[in-house]
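Structure, as structure tokens:
Heads up: numbering here begins at 1 and tracks the sequence. Just so you know, these numbers come straight off a predicted model, no measurement behind them.
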Amino acid sequence: MVLSKKVARFNRLATNRVLGPLSMWLPGFAMIVHRGRRSGRTYRTPVKIFRVADSLVVALTYGPDSDWVRNVLAAGGCEIETRRRIMTATRPRVVRDERRTGMPPGVRQILGAAGVTEFLFLDRVS
């Protein structure tokens, strides 16, 4: 069971407004910059990001049907802003991992309690 749509709506309206500007400076956080599939508008979504082997990974706490995930998949990538750097990320793919093997132990337990089993993997270009 991933987080509910009510939690997602609250986070979009409240938490993201606080976390958004901080995500540029906090270690392990990043801003996913993506374009709307239909509108073409640029969106910025704060996320917790992990490095696993040669990939960047975002736990999909609201599931793979979130608009930002669908936008990144449709575009074939996105930009990631973190710690005053901008990276291009390509080859987005949703991976189901019920054991959450790529996550650090503490994070693995928290994601397990929330029922998160899907992750967005991205290849970093620059």
Side-chain angles (χ1 to χ4, degrees):
M1 148 106 112
V2 295
L3 300 178
S4 74
K5 297 291 183 191
K6 287 182 181 181
V7 173
R9 206 171 10 260
F10 173 80
N11 282 339
R12 187 175 54 244
L13 295 173
T15 309
N16 288 358
R17 291 182 190 221
V18 174
L19 183 59
L22 295 177
S23 69
M24 297 297 292
W25 306 101
L26 295 173
F29 284 87
M31 189 72 72
I32 300 279
V33 182
H34 54 98
R35 291 208 176 269
R37 296 178 307 285
R38 288 174 279 223
S39 69
R41 180 177 167 202
T42 299
Y43 293 95
R44 302 164 66 79
T45 304
V47 296
K48 177 77 171 116
I49 199 158
F50 300 91
R51 290 180 193 261
V52 175
D54 293 332
S55 297
L56 299 170
V57 183
V58 178
L60 299 180
T61 54
Y62 302 113
D65 293 328
S66 298
D67 281 333
W68 75 266
V69 176
R70 293 172 34 196
N71 289 343
V72 170
L73 290 170
C78 62
E79 286 187 337
I80 298 173
E81 296 179 357
T82 183
R83 314 247 8 226
R84 301 184 83 177
R85 292 184 306 164
I86 299 174
M87 296 178 272
T88 300
T90 61
R91 252 179 35 88
R93 57 221 177 265
V94 174
V95 174
R96 184 174 183 85
D97 180 4
E98 302 210 4
R99 295 180 56 215
R100 295 161 282 282
T101 55
M103 298 292 106
V107 173
R108 190 177 307 142
Q109 291 172 335
I110 292 168
L111 293 175
V116 176
T117 59
E118 293 172 302
F119 302 84
L120 179 68
F121 279 71
L122 295 150
D123 292 344
R124 190 174 86 164
V125 175
S126 58

- Message: Give me the atom names and distance for the closest heavy-atom approach of Leu120 to Pro92.
- Response: CD1-CB, 4.0 Å
- Message: In the structure I gave you, are the side-chain heavy atoms of Trp68 and Leu73 within less than 4.5 Å of one another anywhere?
- Response: no
- Message: For the CZ atom of Arg93 and the OG atom of Ser55, what is their distance to the nearest 0.5 Å?
- Response: 4.5 Å
- Any link between Val116 and Val52 through a network of hydrophobic side chains (Ile, Leu, Val, Met, Phe, Trp, Tyr) touching at under 4.5 Å? yes
- Which atom pair, heavy atoms only, marks the closest approach of Gly63 to Ser66? O-OG, 3.3 Å
- From CG (Leu111) to CG (Leu60), nearest 0.5 Å: 10.0 Å
- Test side-chain contact (heavy atoms from CB on, under 4.5 Å) applied to Leu122 and Val72, step by step: CA-CA 10 Å; Leu122 295 150; Val72 170; 4.0 Å; yes
- Message: I'd like to know if Arg96 pairs up with Glu98 as an ion pair, taking the criterion as any Lys NZ or Arg NE/NH1/NH2 lying under 4.0 Å from an Asp or Glu carboxylate oxygen.
- Response: yes
- Message: Using 30° and 60° as the class boundaries, would you call the ring planes of Tyr43 and His34 parallel, tilted or perpendicular?
- Response: parallel
- Query: Is there side-chain contact between Arg37 and Arg70, with heavy atoms separated by less than 4.5 Å?
  - Reply: yes
- Query: When rounded to the nearest 0.5 angstrom, what is the spacing between CG in Asp123 and OG1 in Thr90?
  - Reply: 5.0 Å
- Note on the structure: Distance col, row Glu118:CD vs Asp97:CG, nearest 0.5 angstrom, shows 10.5 Å
- Message: Applying side-chain contact (heavy atoms from CB on, under 4.5 Å) to Met103 and Val57, what does each step give before you reach the verdict?
- Response: CA-CA 9 Å; Met103 298 292 106; Val57 183; 3.8 Å; yes
- Task: Compare all side-chain heavy atoms of Arg100 with those of Phe119 and state whether any distance is below 4.5 angstrom.
- Result: yes
- Task: Would you check if Val33 and Glu81 make a side-chain contact, meaning some heavy-atom pair closer than 4.5 Å?
- Result: yes
- Task: Report the distance from atom OG1 of Thr88 to atom CD of Glu79, rounding to the nearest 0.5 Å.
- Result: 5.5 Å
- Can you find a pair of side-chain heavy atoms, one from Ile80 and one from Ile32, that are under 4.5 Å apart? yes
- Item | Heavy-atom closest contact (Ala30 atom, Thr82 atom, distance) | CB-CB, 3.9 Å
- Can we say Arg38 and Asp67 salt-bridge, meaning some charged N sits less than 4.0 Å from an Asp/Glu carboxylate O? no
- Task: Supply the atom-to-atom distance Arg124 CZ to Arg51 CZ, rounded to the nearest 0.5 angstrom.
- Result: 4.5 Å
- Is the closest side-chain heavy-atom distance between Pro104 and Phe50 below 4.5 Å? yes
